[in-house]
Amino acid sequence: MNIYIVRHGQTNYNVLGLCNDNPAKDVYLTREGISQAEQIAEQLSNVAIDLIFVSQLPRTRQTARLINAYHGVRIIECEELNDIRTGFDGNPVDEYFSAVGHNRFNLVPKGGESLSQFKHRVNAFIDVLLVEDYGNVLIVAHEETMRVFAARFNHLSDQQMDSLSFANCEHLTFRVNNLFKNSA
């Protein structure tokens, strides 16, 4: 199984430097974000994709739809792939990092979750992904989600994971064996 993971395209909140973890907020791809998604769609156009997973946040669905124009496969929303709940939705990203930067792994902001809790949530999704036989999957998610995937499959420490950075529409590929496939 191949897992392709893509960060969503640039959004209006990215440009403004604001946090967003609420799927109901009007956060959408900018023209630049649409262009980025179209570029990654072209890059992945000849890749065999059997299924696409996205978070519940509209920016991942928008990006996935543009990529899926080349594949025509089912898109499934998964709450486990939602961006980290910062407790700072609609507020500047800098405020979030100022509030939790000294202990992001363990500090739980009011209305949010710690990086450790987020990592556990995403790893639970990965565990299911590795047990099921979905074929080649594309995941369109968020920078934090990509960090967890990279750490899991590249055996990185939490500190190494937290230092990773991914641009809008950057993608990673992981080739994994389904260790728990039915042997019938």
Looking only at non-hydrogen atoms, find the nearest pair between A48 and N136 and report the distance.
O-CB, 3.0 Å
For the student: nearest non-hydrogen atoms of R7 and A167, plus distance
CD-O, 3.5 Å
Verify side-chain contact (heavy atoms from CB on, under 4.5 Å) between M146 and L164, making sure each step is shown before the conclusion.
CA-CA 9 Å; M146 290 183 70; L164 297 173; over 6 Å; no
Hey, what do you get for SG (C19) to CD (E95), rounding to the nearest 0.5 Å?
8.0 Å
Counting only heavy atoms not in N46, do more than 12 fall under 6.0 Å of its CG?
no
Residues K119 and D162 bridged, charged N to O under 4.0 Å:
no
Any side-chain heavy-atom pair of I76 and Y134 under 4.5 Å
no
Any side-chain to backbone donor/acceptor pair from T60 onto V54? Under 3.5 Å, distance only.
no
I'd like to know if the side chain of S98 reaches the main chain of D94, judged simply by a donor and an acceptor atom lying under 3.5 Å from each other, with no hydrogens or angles considered.
yes
With rounding to the nearest 0.5 angstrom, report the NE2 to CZ distance, H142 to F118.
7.5 Å
How many angstroms lie between CG in L107 and CD in Q117, if you round to the nearest 0.5 Å?
10.0 Å
Around atom OH of Y28, are there more than 12 heavy atoms from other residues, nucleotides or ligands closer than 6.0 Å?
no
Where L66 and L29 come nearest, the two heavy atoms and their spacing
CD1-CD1, 4.4 Å
Qualifying residue, where the test is side chain to side chain contact (heavy atoms under 4.5 Å, CB included) with V73 and the options are I52, D50, L51
I52
Considering all heavy atoms, the nearest I40-I67 contact
CG2-CD1, 3.8 Å
Apply the test salt bridge (charged side-chain N to carboxylate O under 4.0 Å, His left out) to residues D127 and R152: give CA-CA distance (whole Å), side-chain angles for both, the deciding distance (0.1 Å), then the verdict.
CA-CA 10 Å; D127 290 343; R152 170 86 176 251; 2.7 Å; yes
Donor-acceptor under 3.5 Å (S163 side chain, Q160 main chain):
yes
Assess the residue pair D21 and F88 against the criterion (side-chain contact (heavy atoms from CB on, under 4.5 Å)); give the C-alpha distance rounded to whole Å, side-chain angles, the decisive distance to 0.1 Å, and a yes or no.
CA-CA 9 Å; D21 52 58; F88 284 77; over 6 Å; no
Evaluation steps, side-chain contact (heavy atoms from CB on, under 4.5 Å), between F149 and I139:
CA-CA 10 Å; F149 271 79; I139 298 162; 3.5 Å; yes
Would you say R65's side chain and I75's backbone share a donor-acceptor pair under 3.5 angstrom?
no
Distance from R104 atom CZ to N106 atom CG, nearest 0.5 Å?
11.5 Å
Under 3.5 Å donor-acceptor, Q36 side chain and C169 backbone
no
Is it true that N14 and R59 share a donor-acceptor pair across their side chains at a distance under 3.5 Å?
no
Look up atom OG1 in T11 and atom CG in D26, then write down how far apart they are to the nearest 0.5 Å.
10.5 Å
Donor-acceptor contact present, side-chain E144 to main-chain D83, <3.5 Å
no
Where the side chain of N154 meets the backbone of L156, is there a donor-acceptor pair that is under 3.5 Å apart?
no
Evaluation steps, side-chain contact (heavy atoms from CB on, under 4.5 Å), between L172 and F153
CA-CA 11 Å; L172 301 172; F153 292 113; over 6 Å; no
Donor-acceptor pair, N168 side chain versus H8 backbone, under 3.5 Å?
yes
Can you name the closest pair of heavy atoms from V47 and H71 and give their distance?
O-CE1, 3.0 Å
Just verifying a value: how many Å separate L130 CG and F174 CZ, rounded to the nearest 0.5 Å?
11.5 Å
Under the 3.5 angstrom rule, does the side chain of N68 hit a backbone N or O of A64 as a donor-acceptor pair?
no
Is it true that a side-chain atom of S114 and a backbone atom of F105 form a donor plus acceptor pair closer than 3.5 Å?
yes
How about N82 and R121: do any of their side-chain heavy atoms sit closer than 4.5 Å?
yes
Write down the atom of S45, the atom of Y70, and the distance for their closest heavy-atom approach.
CB-CD2, 3.3 Å
